[in-house]
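This one's a predicted model, so the numbers in the text were calculated from it and none came from an experiment.
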Amino acid sequence: MARSWPASRWALLLSAVVLIACIVVPGVAVKHENFKTCDQSGFCKRNRAFADHASAQGASWSSPYELDPATVHFKDGKLTGTLVKTTANNEKVHLPVTVSFLQSGAARVVVDEEKRLKGDIELRHDSKANKKRYDETEKWVLVGGLEISKSATLNAQGETGYTKVLYGPNDKFQAIIRHAPFAVEFQRDGETHVQLNHHGFLNMEHWRPKVDKPEGQEEESAEDESTWWEESFGGNTDTKPRGPESIGLDISFPGYSHVFGIPEHADSLSLRETRGGSGNHEDPYRMYNADVFEYELNSPMTLYGSIPFMQAHRKQSTVGVFWLNAAETWVDIVKKSTSVNPLSMGASSKTNTHTHWFSETGRIDLFVFLGPSPHDISKTYGELTGYTQLPQHFAIAYHQCRWNYVTDEDVKEVDAKFDKYQIPYDVIWLDVEYADDRKYFTWDPLTFPNPKGMQEKLDDSERKLVVLIDPHIKNADNYYVSQELTSKSLAVLNKDGEIYDGWCWPGSSNWVDCFNPAAIKWWNSLHKYDRFQGSLPNLFVWNDMSEPSVFNGPETTMPKDNLHYGNWEHRDIHNVNGLTLLNASYEALLERKKGELRRPFILTRSYYAGAQRTSATWTGDNQATWEHLAMSLPMVLTNGIAGYPFNGADVGGFFHNPTKELLSRWYQAGIWYPFFRAHAHIDTRRREPYLISEPHRTIISQAIRLRYQLLPAWYTAFHEASINGTPIVRPQYYVFPDDEQGFAIDDQLYLGATGLLAKPVVQENTFSTEIYIADDEKYYDYFDFTVYQGAGKRHTVPAPEDKVPLLIQGGHIVPRRDRPRRSSALMRWDPYTLVITLDKKGEAEGSLYVDDGETFNYERGGYIHRQFRFRDSVLSSEDLATKGPKTAEYLKSVAGVTVERVIIIDPPKAWKDKSTVTVVEDGAKTASTASLEYYEQQGGKASYAVVKSPKVGIGKTWRVEF
């Protein structure tokens, strides 16, 4: 939340007089001068120049890196050796390399630097920094999937100058490692899909001493050394005690024209080229977590989070790469078409996508995934970094937030107004102003004198409270958290080894260093009920500003030469910094009172690969414009395919005031974000749904109720993501990976495996929309059952202001709950409705996952997982669950929860003459009957039938015979 200072804080206003030159104040657009371009980033400019030099040499260019064949050793699925880099003055630099072939089918390539690895270097400026290349990113990111393949074998038929390894399922994968110059090709079924160093851009800036020559005797160097030893930007100078140490590598995807991923950027799902030209970017995509307020759209600029995971996709194939590096990283993308017949660009042509990755520091640590499907990529990547958490059930419902609800009475009034206007919500949020003088783990005694009473009032409707707790701690003598942070030596240090002081919301602040195990333990203690006085079990946490955001720091963040635990420089760990705080907060919320174990809920703004295990995120400080509404869809979809599906955007826009039409359409889009929260800046008008005049109040309320109606389908999709990594909302290419027309579509989405296809309206004064349908199944309007059919084309769907454009694909069974309640928890004992759309074969299937939505009892069998099938005129419910010690107890608790209605869309016309169906439930002594009503429709709308009150238990095995 990059925000202006609120006028109510006189002390901070006085401080602003001193700080006016360095504190960032939101303006009308992003301040480009606060953030580097590639030309202003020394290592980015150097690596691009290296690539330009290599490209200019053409066929005469040879990469100066060779794999010494005498060092190559292969054993137990792992190849080791030494790369030798030959410098311009013929110096030989030794770079240990390891290629590991994993049980999952992934391959891992690691390249380090021998001298730094041994600590055989000298640091400048009497620095205390660690001498190694940072090699602990995996400690924070990887949680599994590293088992070495026992079946990987050295291919004895390899040619001279190559080493070949067969691996993967049924030895379908092969790595061809060329010795001189060093390069690797990854093949599947004999075809090359990923190439490393194909263009010779591999570049590891080795350590060398700085030679200070007498003034006037400097010699010109073949390389630009101007940013090797120090670098200035925006009035800040970055000392570089280890000198130049960037890494770079080109990664090519032959035959692929679309690449996706590497969030976070406000850009299209299918990533653009970055070397200029019409519709392309001039700069590479940058990953350097930063507080970028009022960010611009269609840009490769860095934002708040970084996941260096890219997928390349084409018909019948998806592959991927994961660049495990926590330092500032840039990625260039260039696409080139080739043709078998040089006179033709028709069927014989193909597009190759070439990417160039470079990071400021660290080692090369790269994973290669050969798919072949998007699902395969999600699963294998998820095995490494972890699948998304299964959150508490309330977390997937509607969240109401603004900066700031000003008193505890204000919170209770908002709560009451939602009830008065019968608008459901589950969570209300408090921004920074709730705390006493912005000191976290405290309450303002004037505005929040009774926090427990406020939370108890929310708990009457089983609602929750989320409060902001950031990693910057106010530097104050009378603040126990500050005293403990400094006295226990748990804070981030500056380059001189002293506690780093910067400015954020509280003014002068210090930052907790969650790389330190002792700091994690301490952070855990602060969240205990007896320490965070006034907090109750229905209070949860929002970790914001954790990039970290520093108002007077370079690029609004921490200096790169700051020091963390282990003497790692901040430049080494910047992008993973927020993840360490997340991990600590997650541990803290697990058990705030002994014996009271609950699933945590945390929202984070800064993230890295692995954050999906512990938190939700959002797209940050967006604007109340139609363009920002439209961009939220590809941003949410990109995060989903990058393994972090629990994300959303501020509904209504954080900055500025949306029109009523924009706000209504944003809610209709927001109900399709996995994380569904309205949020607004302190200077905006209040815009709680009940304050909006009619008809927009009703339009917004209907959208929110639709989200609540479909919560069973949403929770089932969250469960699926938590066990195999699939996105919760899915882009077109993910659902139809062989339909080339859909690969770049990023303005419509599917909800899990439900067949629900939504296309939010994101343009002003628009009352119809075009929905693309890939297959020849029938699709039905969710509300009136209008039929749409026709493969590979767009269909015009009415979208009046009060309607969410939503279709259901034939062949699905969607569970929902139709009784509106004040909060999702109050729906837990309500019956279910099953909506069935039959496919061309007259069949359908779907699933439902349910647990208590709060504890970890599901890990011990305390859940329901049912498979619904309609086949041969029989609807059945089958058990997919694995029994455990908590199964019987949970099934007993939901024994009274039933299916109250079944709706079949487009049923056989023969059913017109039926009035009953036969219901057979396991354990029942006899079969029973339920009424069947057939409703005929005309004018392009499908007929439908309704089974009323079958009264079958949701957790039981049963069948309904038609």
Side-chain angles (χ1 to χ4, degrees), residues 41-44 47 93 95-98 108-125 127-142 146 203-207 228 231 238-249 287-289 306-309 322-330 357-367 384-385 492-495 497 500 511 513-517 519 547-548 557-581 583 606-611:
S41 175
F43 81 92
C44 183
N47 277 275
V93 179
L95 307 168
V97 61
T98 302
R108 183 183 192 181
V109 180
V110 178
V111 185
D112 212 320
E113 181 181 350
E114 188 174 85
K115 277 198 170 185
R116 296 186 199 264
L117 195 58
K118 293 179 176 179
D120 187 21
I121 68 171
E122 297 175 4
L123 301 182
R124 302 173 64 238
H125 313 300
S127 173
K128 300 176 177 62
N130 197 306
K131 294 182 177 181
K132 294 169 59 180
R133 289 182 177 271
Y134 187 61
D135 57 2
E136 295 184 1
T137 308
E138 64 179 287
K139 170 183 173 182
W140 304 103
V141 175
L142 305 183
L146 294 176
N203 182 32
M204 290 194 75
E205 293 183 324
H206 61 284
W207 181 81
W228 278 13
E231 188 169 355
D238 173 24
T239 64
K240 299 186 177 183
R242 297 183 303 231
E245 53 182 329
S246 76
I247 56 173
L249 179 67
M287 287 177 279
Y288 185 63
N289 297 0
S306 300
I307 301 179
F309 174 41
F322 175 42
W323 182 265
L324 185 60
N325 189 295
E328 177 184 353
T329 298
W330 301 72
W357 301 62
F358 28 98
S359 299
E360 183 177 16
T361 183
R363 60 185 188 172
I364 291 177
D365 193 350
L366 173 71
F367 291 84
L384 288 171
T385 64
V492 177
L493 306 178
N494 64 22
K495 64 182 178 182
Y500 171 70
W511 273 257
D513 182 8
C514 287
F515 291 85
N516 186 342
E547 291 77 23
T557 191
M558 193 172 281
K560 288 181 174 179
D561 49 12
N562 273 6
L563 295 174
H564 292 261
Y565 180 79
N567 286 330
W568 294 110
E569 283 195 294
H570 187 72
R571 82 180 75 251
D572 298 318
I573 57 84
H574 176 84
N575 285 343
V576 82
N577 181 80
L579 178 60
T580 66
L581 177 76
N583 291 346
S606 175
Y607 59 85
Y608 189 78

### Message
So does Asn289 get a backbone contact from the side chain of Glu547, meaning a donor-acceptor N/O pair under 3.5 Å?
### Response
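Judged by distance alone, no pair lies under 3.5 Å.
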
Looking at every non-hydrogen atom in both residues, tell me the closest pair between [X] and [Y] and how far apart they are.
X: Pro241; Y: Ala129; value: CG-CB, 4.4 Å
X: Lys131; Y: Gly119; value: CD-O, 3.5 Å
X: Leu123; Y: Ile121; value: CD2-CD1, 4.1 Å
X: Thr385; Y: Ala609; value: CG2-CB, 4.3 Å
X: Asn575; Y: Ala327; value: ND2-O, 3.3 Å
X: Tyr565; Y: Trp568; value: O-CD1, 3.4 Å

Looking at side-chain heavy atoms only, is the closest gap between [X] and [Y] below 4.5 Å?
X: Arg108; Y: Asp365; value: yes
X: Lys495; Y: Pro559; value: no
X: Phe367; Y: Leu324; value: yes
X: His570; Y: Val492; value: no
X: Ile247; Y: Trp323; value: yes
X: Pro96; Y: Val111; value: no
X: Ser41; Y: Tyr288; value: no
X: Leu366; Y: Leu249; value: yes

Lys132 meets the salt bridge (Lys or Arg N to Asp or Glu O under 4.0 Å) criterion, sequence neighbours left out, with Asp135

Salt bridge (Lys or Arg N to Asp or Glu O under 4.0 Å) filter on Asp513, not counting sequence neighbours, yields none

Query - Arg242 and Glu360 ion-paired at < 4.0 Å - result: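 No.
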
Discussion item. Among residues at least two apart in sequence or on other chains, which ones pass side chain to side chain contact (heavy atoms under 4.5 Å, CB included) with Asp120?
Written reply: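 Scan of Asp120 (side chain to side chain contact (heavy atoms under 4.5 Å, CB included), adjacent residues dropped) gives Lys115, Lys118.
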
Worksheet item: With Arg363, which of Glu245, Glu138, Glu113, Glu136 fulfils salt bridge (Lys or Arg N to Asp or Glu O under 4.0 Å)?
Response: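 Of the listed residues Glu245, Glu138, Glu113, Glu136, the salt bridge (Lys or Arg N to Asp or Glu O under 4.0 Å) partner of Arg363 is Glu138.
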
Looking at [atom1] of [X] and [atom2] of [Y], how far apart are the two atoms once the value is rounded to the nearest 0.5 Å?
X: Ser127; Y: Asp561; atom1: OG; atom2: CG; result: 8.0 Å
X: Arg133; Y: Asn325; atom1: CZ; atom2: CG; result: 9.5 Å
X: Asn577; Y: Met558; atom1: CG; atom2: CE; result: 6.5 Å
X: Ile307; Y: Tyr608; atom1: CD1; atom2: OH; result: 9.5 Å
X: Ser359; Y: Ile364; atom1: OG; atom2: CD1; result: 9.0 Å
X: Ser306; Y: Leu579; atom1: OG; atom2: CG; result: 11.5 Å

Show your working on side-chain contact (heavy atoms from CB on, under 4.5 Å) between Met287 and Trp357 and close with a plain yes or no. CA-CA 11 Å; Met287 287 177 279; Trp357 301 62; 4.3 Å; yes

* Asked: Who passes side-chain hydrogen bond (donor to acceptor under 3.5 Å, both in side chains) against Glu231, sequence neighbours left out?
  ->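 If we apply the side-chain hydrogen bond (donor to acceptor under 3.5 Å, both in side chains) test to Glu231, skipping adjacent residues, the hits are Lys240.
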
**OP:** Could you give me the CA-CA distance, side-chain angles and deciding distance for Asn47 and Ser246, then say whether side-chain hydrogen bond (donor to acceptor under 3.5 Å, both in side chains) is met?
**Re:** CA-CA 8 Å; Asn47 277 275; Ser246 76; 3.0 Å; yes

Given Asp238, Thr361, Asn562, the one that forms side chain to side chain donor-acceptor pair (under 3.5 Å) with Arg571: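 Per the side chain to side chain donor-acceptor pair (under 3.5 Å) rule, the option paired with Arg571 is Asp238, out of Asp238, Thr361, Asn562.
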
Taken in chain and number order and not counting sequence neighbours, the residues that satisfy disulfide bond (SG atoms under 2.5 Å apart) with Cys44 are Cys38

Residues in ring-ring contact (aromatic ring centres under 6.0 Å, His included) contact with Trp207, at least two apart in sequence or another chain: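 With sequence neighbours excluded, Trp207 shows a ring-ring contact (aromatic ring centres under 6.0 Å, His included) to no residue whatsoever.
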
